[in-house]
Amino acid sequence: MTMTRRLALAAAFAAPLAAAPALAQPTITVQHALPVNSHTGAGAAAFKEAFERLTGGRYRVVTQRNDNEREMIESVQIGTIDCTFTSTGPVGNFVPEVRIFDVPFLFRDAAHARGVLDSEIGQQVLARFQARGLYGVIWTENGFRHLTNSRREVNNPADVRGLKLRTMENQVHMRAFRELGALPTPMAFSELVPALQQGTVDGQENPISVILGNNLNQVQRFMTLTNHVYSPSVMICNPATVQRLSAADRALFMEAARAAQQANRARVTADDTNGVEELRRRGMTVVTQVDTAAFQQALAPAFAEWERTMDAALLRRIRDWR
Ligand code: PAF
């Protein structure tokens with residue numbers, strides 16, 4: 001066989017290989033509320049960095065901002081995005097068992113909340129997502145929520161009476177604020193700043209990290225460290241996204257999710273430590289001495305209702321968790 005013929009044959013065999021398209025790099029789209037430089041952005045960025053690194057670049061993770069958390073959950077459910085980091089605000093409308101974690105004054109501090117969520121209690125609630133066409137991956141957080149408003153200093157429960165307050169689309173939170181005599185107005189976070197600017201609502205409640213990161217001091221003069229409820233967040237994915245992964249990649253996915261949890265919690269801790277000083281520097285009046293017992297007492301009828309409508313034994317187990 002001549003050299004030319006040999007080369008021609010080699011080229012003919014090589015051609016199909018050369019023409020074969022490169023294997024597509026699967027993309028995982030993850031949405032989160034708030035700016036990249038926030039506790040939610042920190043979690044999503046850590047997930048992206050860890051999963052892409054651990055899988056040697058076989059996957060690409062695309063992170064996107066969306067301040068409408070209900071919309072993100074719906075998109076995950078129908079599969080137009082793969083995953084979201086969302087507060088539990090609207091999650092109870094999809095997975096009612098989650099509402100137990102939204103009960104005011106349930107957790108003593110961050111260690112208590114993180115401990116419960118990472119324990120079998122939190123894992124059992126994550127397992128309930130499957131029945132609703134969702135995959136609960138891991139608990140992250142927003143931190144403890146505080147009250148801000150443009151009308152007056154809030155020093156005791158009576159000061160809350162009559163305030164029009166934006167709440168998340170969360171039945172438990174709305175019930176609590178109604179009990180305090182406020183007028184809770186549920187809306188997505190994306191609508192909050194215009195609503196505060198136009199006076200549709202007087203105030204809102206969110207953790208320091210959110211108030212700080214979104215410059216809510218520009219539209220709110222007063223803040224009270226009510227610590228009225230711990231605000232968990234959760235990474236939720238479309239079940240098919242997780243099922244498509246091999247067992248080995250699923251383990252790496254979970255490792256990346258733990259990196260996200262760590263980055264997110266570390267940022268919340270840092271914001272909680274430095275935030276009050278910074279918000280005062282920006283001109284907010286911050287009330288730090290709060291009569292927590294008075295707020296708890298004012299909520300007594302709501303607590304009694306949750307004892308009846310939720311799993312009372314589980315509520316007790318969570319409260320007593322050490
Ligand atoms: O207030 C909310 O809706 C949530 O706390 C936020 C800011 C979207 C973060 O999860």
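Indexing begins at 1, ligand by ligand and atom by atom, following the structure's order.
Listed by atom number, the atoms of ligand 1 under 4.0 Å from Ala33 heavy atoms are 8 (C). Near Ser87, meaning under 4.0 Å from one of its heavy atoms, ligand 1 places the atoms 10 (O). Residue contact check: Asn142 has heavy atoms under 4.0 Å from atoms 5 (O), 9 (C), 10 (O) of ligand 1. Atoms of ligand 1 found under 4.0 Å from any heavy atom of Arg145 (numbered from 1 in listed order, with element): 1 (O), 2 (C), 5 (O). Residue contact check: Met168 has heavy atoms under 4.0 Å from atoms 1 (O), 2 (C), 3 (O), 4 (C), 5 (O) of ligand 1. Short contacts between ligand 1 and Val210, defined as distances under 4.0 Å to a heavy atom of the residue, involve ligand atoms 7 (C).
Here the shortest heavy-atom distance to atom 8 (C) of ligand 1, taken over Glu169, Glu69, Arg70, belongs to Glu69.
Taking a cutoff of 4.0 Å between a charged side-chain nitrogen and a carboxylate oxygen, Arg258 and Glu255 do not qualify as a salt bridge. Between Glu120 and Arg317 there is a salt bridge, since at least one side-chain N of the basic residue sits less than 4.0 Å from a carboxylate O of the acidic one.
Classification of the His112-Trp321 ring pair by plane angle, with boundaries at 30° and 60°, yields parallel. The aromatic rings of Phe51 and Tyr59 are tilted relative to each other, their planes meeting at an angle between 30° and 60°.
Between His228 and the options Phe105, Phe144, Phe107, Phe177, a ring pair (Phe, Tyr, Trp, His ring centres under 6.0 Å) holds for only Phe177.
The neighbour count for Gln262 CD, taken as heavy atoms of other residues, nucleotides or ligands under 6.0 Å away, does not exceed 12.
The shortest contact between atom 5 (O) of ligand 1 and any protein heavy atom is with Asn206 OD1, 2.7 Å. Atom 3 (O) of ligand 1 has Arg166 NH2, 2.9 Å as its closest protein atom, hydrogens excluded (heavy atom only).
Distance alone, capped at 3.5 Å, places no donor-acceptor pair between the Thr224 side chain and the Val287 backbone.
The shortest N or O to N or O distance between Ser231 and ligand 1 is not below 3.5 Å.
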